[in-house]
Amino acid sequence: MNGSTLAKTGLATALTAAAGSLATDPNSAWYRSLDKPAWQPPPAAFPAVWTPLYASIAFAAARALDASTSATQRSRFRRTYAINLALNAGWNALFFRARRPRLALAELVLLNAANAALLHRAWRADRVAGAALLPYLAWTGFATALNATIAARNPGR
């Protein structure tokens with residue numbers, strides 16, 4: 001894997017993480033007032049999970065880009081990766097800043113589709129890259145269930 005590629009994907013992923021983090025406020029009165037399921041992890045668990053997930057996303061992207069066999073394949077992967085990162089960061093703004101759990105859930109459905117596309121492209125380029133994305137897909141699947149439960153338990157919010 002090329003160090004330059006990893007630096008670029010690492011920077012893009014770090015910017016995504018920073019944008020999402022800046023939009024997140026689990027200590028807000030609004031968030032604390034939501035009816036959340038008992039199986040929701042504590043707020044401290046989220047950065048503990050997301051930090052290695054973001055590292056694996058950057059790693060997978062770098063491997064997939066370096067393993068791509070054509071300029072077209074690299075271009076398609078970059079575009080899919082950029083869309084994925086934008087959707088990833090956007091969820092936090094919709095859920096925490098806009099306070100729209102239902103809209104955030106709809107956005108998560110799009111993110112899950114983008115995740116599947118990213119996995120597909122990564123897997124075709126490099127199976128290790130694809131495998132590195134599997135925990136990310138699992139976590140966003142869990143996040144979708146959690147968001148859906150919060151939206152259902154808090155109608156009109």
Side-chain angles (χ1 to χ4, degrees), residues 1-28 31 39-101 103-150:
M1 179 171 41
N2 183 316
S4 173
T5 307
L6 182 58
K8 291 173 187 172
T9 61
L11 177 61
T13 305
L15 290 172
T16 299
S21 179
L22 289 172
T24 302
D25 186 4
N27 297 316
S28 72
Y31 182 73
W39 49 270
Q40 176 174 322
F46 291 91
V49 169
W50 274 108
T51 299
L53 286 178
Y54 280 128
S56 69
I57 293 166
F59 168 81
R63 279 194 64 109
L65 285 167
D66 285 345
S68 294
T69 57
S70 70
T72 300
Q73 188 180 23
R74 275 188 295 283
S75 176
R76 287 179 179 162
F77 186 87
R78 276 191 201 101
R79 185 173 40 255
T80 303
Y81 185 56
I83 291 167
N84 188 278
L85 293 180
L87 288 167
N88 183 299
W91 179 87
N92 304 69
L94 291 172
F95 190 91
F96 286 99
R97 291 293 171 216
R99 298 178 176 178
R100 303 281 306 273
L103 186 57
L105 178 59
E107 198 267 4
L108 262 176
V109 170
L110 294 176
L111 176 59
N112 288 327
N115 286 347
L118 188 66
L119 173 64
H120 173 75
R121 292 195 187 284
W123 192 269
R124 287 185 63 198
D126 178 78
R127 291 189 188 254
V128 172
L133 290 172
L134 292 174
Y136 174 47
L137 274 74
W139 182 257
T140 55
F142 170 77
T144 302
L146 180 58
N147 190 152
T149 302
I150 291 171

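Here the structure is a predicted model, which is why all the values come from computation and not from measurement. Values reported hereafter were calculated over all heavy atoms of this structure, with side chains retained and with hydrogens, waters and symmetry mates removed. Just so you know, residue 1 is the first one in the sequence shown, and it goes up from there.
- Considering all non-hydrogen atoms of both residues, P43 and P26 come closest at CB-CB, 4.0 Å.
- Closest heavy-atom contact between S68 and A125: OG-CB, 4.1 Å.
- For T9 against A58, the heavy-atom pair with the smallest separation is OG1-O, 2.9 Å.
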Candidate pair N115 and Y136, rule side chain to side chain donor-acceptor pair (under 3.5 Å), full reasoning: CA-CA 8 Å; N115 286 347; Y136 174 47; 3.3 Å; yes
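- When all heavy atoms of R99 and S28 are compared, the closest pair comes out as NH2-CB, 4.3 Å.
- Around CZ of R100, the count of heavy atoms belonging to other residues, nucleotides or ligands within 6.0 Å does not exceed 12.
- Between the side chains of D66 and T5, a donor-acceptor pair is found at a separation under 3.5 Å.
- Here the straight-line distance linking atom CG of L119 with atom CG of L137 works out to 5.5 Å at 0.5 Å rounding.
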Test log, rule side-chain contact (heavy atoms from CB on, under 4.5 Å), inputs F95 and T24: CA-CA 8 Å; F95 190 91; T24 302; over 6 Å; no
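- Side chain of Y81 to main chain of L65: no donor-acceptor pair is present (N/O by atom type, distance under 3.5 Å, no hydrogens or angles).
- With S21 contributing its side chain and A17 its backbone, the two residues share no donor-acceptor pair below 3.5 Å.
- Of the possible donor and acceptor atoms, none in the side chain of T13 sits under 3.5 Å from a partner among the backbone N and O of G10.
- For the atom pair CD1 (I83) and CZ (R78), the distance works out to 14.0 Å, reported to the nearest 0.5 Å.
- The shortest distance between side-chain heavy atoms of I57 and Y54 falls below 4.5 Å.
- Separating the CG atom in L111 from the CG atom in L105 is a distance of 11.5 Å, to the nearest 0.5 Å.
- A donor-acceptor pair under 3.5 Å is absent between the side-chain atoms of N88 and the main chain of N84, judged by distance alone.
- In this structure, the side chains of P101 and N147 come closer than 4.5 Å at one or more pairs of heavy atoms.
- The aromatic rings of W139 and W50 sit perpendicular to each other, their planes meeting at more than 60°, with 30° as the lower class boundary.
- A 6.0 Å sphere centred on CZ of R97 holds more than 12 heavy atoms belonging to other residues, nucleotides or ligands.
- Taking every heavy atom of both residues into account, L133 and A122 meet most closely at CD1-CB, 3.6 Å.
- W91 places a side-chain heavy atom less than 4.5 Å from the side chain of L108.
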Step-by-step side-chain contact (heavy atoms from CB on, under 4.5 Å) determination, T80 to H120: CA-CA 10 Å; T80 303; H120 173 75; over 6 Å; no
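- Across all non-hydrogen atoms, the minimal contact from P41 to F142 is CD-CZ, 3.6 Å.
- Checked by atom type and distance alone, the side chain of R121 never pairs as donor or acceptor with a backbone atom of F77 at under 3.5 Å.
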